[in-house]
J.: 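Quick one: this structure, given as structure tokens, is what I'll be asking you about.
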Amino acid sequence: MTTPPSNHDPSDDIEAARGLDERAGSSRMTDPLRNPRSGGSVTRTKRAWLLLILTTVIPGSAQLVAGNRKVGRVALTVTLCVWALIVLLLLTWLVHRAWVIELVTGRFISLVLVIVLIALAIFWALLFFDTLRLIRPVLLAKGMRPAVIIGFVVLLFVTAGGVGYSAYLVNVGRGAVSGIFAEGPKMKPVDGRYNFLLMGGDAGDDRVGRRPDSMTVFSVDAKTGQAVTISLPRNMQNAQFAKDSPLWDVYPDGYNCGDECILNALYPDVANDHKDLYPHSKDPGAEAMKDAAEGITGLPIQSYVLVDMDGFSKLIDAMGGIDINVGGRVPIGGGHDEMTGEQNPIDGYIEPGKQHLDGFHALWYGRSREGASDYDREARQRCVQSAMLKQLDPQTVLTRFQDISEAGQKIIETDIPENQLSSFVDLGLKAKDHDLIQYGMAPPYFPEEFPTYPDYDEFRSSVDKVISDSKDGKTPEPQAAGEAGGGKTPVASVNPLVMAQVLGLSGQSQATDDAGTTKSLDVQQAAELTENGTCSVP
């Protein structure tokens, strides 16, 4: 009796079983790809990995070479069709990317895409399980079975699981788009531009209604994507309205009821007392702010976007928090209660140094007024915004997409039509090729008193010039002393540090000091800021 060698695999002794449809001596019986029993343990291991790789790279090819050829042909046809569609989409992106964006963001097409992705994920998973059947793990050497099974699970998760997760992301994004954007026809550019108003609203417990604390008009060239931002101070007085505005009958001479009638007070005023002027609007206060922005700038304002800062903390929590280098202690609380006039208690501090802020603390870091100037507060808000943009990386988006999407629906309100999203995303991509041009009714372009005693004819004329110059990429120059506002309030020549800070730049910049020396600086460290307002993003 012959003793088999110690490294002999008993499975090698298993005789090949002839199928009912196979003739004796058929090549199938001796082909190790189609009949693993005809090969040794090493051959079977190589075959197993080959079939897994084929199913990963070219779904259906494993069935063609080792299984049911009819299933393989169907799967390969589907694979080639998907590849062709991807190539077609890439070519379309190069020619007219707005079409591709519209396909992904459109309500009906995105639903079809979700269904197709789910079907592809299921089909790919079934092919993997069929490939595992063809591998016949029981015939593998015992030491290789766990490795092949682990490889099968990993590849199944990466491929079919990845397609399934893509379907989930598209479906969540589809819900977010329909939850944020409005219905209605697409807007057309006016004089070749889109103009919309971006507001940051604050409806904290200590405030009477929601007030937009920041207001910025975005004017974007519809062809090039060159954008101009025009900031409107919240304390601007005597806001103007066009004759076709419903507010013209109420405030024909402007919003001029005294010191209380600053620009951001218009929102709650209309929302509480004049909402009947906008009977078809879901947000009469926002419509009134659009009319005011139009009267102030002379630009036709087509839409608005309102970010509710009180819900802002939810978005930051959904991101997992943000990191900020805090320059000075910032109180949590403080200030006066608008309803009672009493001093609010200070409940704690955000300490200097590198801090990881959750939504609650990030919101207070941006909104705290205690011991701070408006410049301090605005600088901190820019730090929060910069931190969010820097730290909202693809990994964060993919792993927290549903939380971020749900938070976005709670804090963002707009009347931009849903079917406008594709053209605006396309414009956003074009805008990356241009520097953002910033302007506003504030230093360094106008003296500090100008918003209190505005000359709207002068301001509208300056806005027209800024937009005209933007077509050539020209940025507005700061006004020299006494030039702005009819020379009512002389101002000193503008320090480059202040200009960088006011314009909302971030990171390292170059400036020249009074001695003419060029130096690198953190623009948040401008001399006019107190420690309360100094900060940077790590």
Side-chain angles (χ1 to χ4, degrees), residues 9 11-12 14 16-22 26-90 112-171 394-395 398-399:
D9 188 343
S11 63
D12 290 343
I14 302 176
R18 178 164 57 91
L20 297 178
D21 59 345
E22 296 172 343
S26 170
S27 61
R28 177 188 177 103
M29 303 298 296
T30 58
D31 182 359
L33 274 177
R34 302 198 70 83
N35 186 4
R37 290 190 178 93
S38 65
S41 59
V42 174
T43 301
R44 293 169 190 168
T45 299
K46 292 180 179 179
R47 173 182 178 273
W49 287 113
L50 175 63
L51 294 181
L52 285 176
I53 292 172
L54 287 175
T55 304
T56 301
V57 179
I58 312 175
S61 56
Q63 282 68 30
L64 278 177
V65 301
N68 188 319
R69 287 193 172 95
K70 183 176 180 180
V71 173
R73 284 191 291 269
V74 171
L76 190 59
T77 300
V78 172
T79 299
L80 295 176
C81 288
V82 171
W83 285 358
L85 181 59
I86 292 174
V87 171
L88 179 61
L89 289 175
L90 290 175
V112 173
L113 181 60
V114 169
I115 295 173
V116 170
L117 288 174
I118 292 175
L120 288 175
I122 293 174
F123 187 46
W124 208 345
L126 291 176
L127 289 176
F128 263 105
F129 279 104
D130 186 60
T131 299
L132 185 65
R133 179 186 64 82
L134 295 175
I135 290 173
R136 301 183 190 180
V138 69
L139 299 181
L140 297 174
K142 291 183 178 180
M144 290 305 301
R145 290 175 194 171
V148 171
I149 294 298
I150 291 173
F152 162 78
V153 172
V154 170
L155 293 176
L156 176 66
F157 178 79
V158 171
T159 55
V163 175
Y165 188 65
S166 298
Y168 160 77
L169 293 179
V170 173
N171 189 55
Q395 180 181 353
L398 289 175
T399 56

J.: Please report the closest heavy-atom contact between Thr56 and Trp124, naming both atoms and the distance.
T.: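 Distance-wise, the nearest heavy atoms are O-CZ2, 3.3 Å.
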J.: Of the non-hydrogen atoms in Pro59 and Thr79, which two are nearest, and what is the gap between them?
T.: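 Between these two residues, the closest heavy atoms are O-OG1, 2.9 Å.
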J.: Quick one: closest heavy-atom pair of Pro137 and Arg145, and the distance?
T.: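 Heavy atoms of Pro137 and Arg145 come nearest at O-NE, 3.2 Å.
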J.: For Phe152 and Ile135, what are the C-alpha separation, side-chain angles and deciding distance, and is it a side-chain contact (heavy atoms from CB on, under 4.5 Å)?
T.: CA-CA 11 Å; Phe152 162 78; Ile135 290 173; over 6 Å; no
J.: Within the structure provided, determine whether Leu132 and Ile149 are in side-chain contact (heavy-atom separation under 4.5 Å).
T.: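 Yes, close enough: below the 4.5 Å cut-off.
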J.: Within the 3.5 Å criterion, strictly below it, is a donor on Thr55 or Thr131 matched to an acceptor on the partner's side chain?
T.: yes
J.: Give the minimum heavy-atom separation between Gln63 and Asp130, together with the two atoms involved.
T.: NE2-OD2, 2.9 Å
J.: Do Leu120 and Val78 have side-chain heavy atoms sitting under 4.5 Å apart?
T.: yes
J.: Taking C-beta and beyond as the side chain, do Leu88 and Trp83 meet within less than 4.5 Å on heavy atoms?
T.: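 A side-chain contact under 4.5 Å is absent here.
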J.: Any sub-3.5 Å donor-acceptor pair from Arg73's side-chain atoms to Leu64's backbone N or O?
T.: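 A pair under 3.5 Å: no.
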J.: Quick check for you: to the nearest 0.5 Å, what is the distance between Phe128 atom CZ and Thr159 atom OG1?
T.: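 One gets 3.5 Å once the value is rounded to the nearest 0.5 Å.
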J.: Between CG of Leu127 and CG of Leu51, what distance do you get to the nearest 0.5 Å?
T.: 12.5 Å
J.: Where do Ala75 and Gly60 come nearest, in terms of heavy atoms and distance?
T.: CB-CA, 3.4 Å
J.: At what distance, to the nearest 0.5 angstrom, does CG of Leu140 lie from CZ of Arg47?
T.: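 The CZ atom of Arg47 is 8.5 Å from CG of Leu140, to the nearest 0.5 Å.
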J.: Among Leu156, Val148, Val154, Val57, exactly one meets side-chain contact (heavy atoms from CB on, under 4.5 Å) together with Leu52. Which residue is that?
T.: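 Running side-chain contact (heavy atoms from CB on, under 4.5 Å) over Leu156, Val148, Val154, Val57 with Leu52 returns exactly one hit, Val148.
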J.: Could you tell me whether the side chain of Val114 reaches within less than 4.5 Å of the side chain of Tyr168, counting heavy atoms only?
T.: no
J.: Quick check: closest heavy atoms across Ala66 and Leu134, and the distance to 0.1 Å?
T.: O-CD2, 3.4 Å
J.: Can you find a heavy atom in the side chain of Trp49 that is under 4.5 Å from one in the side chain of Met144?
T.: yes
J.: Enter the distance from Ser166:OG to Ile118:CD1 here, rounded to the nearest 0.5 Å.
T.: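 Spacing of OG (Ser166) from CD1 (Ile118) equals 11.0 Å.
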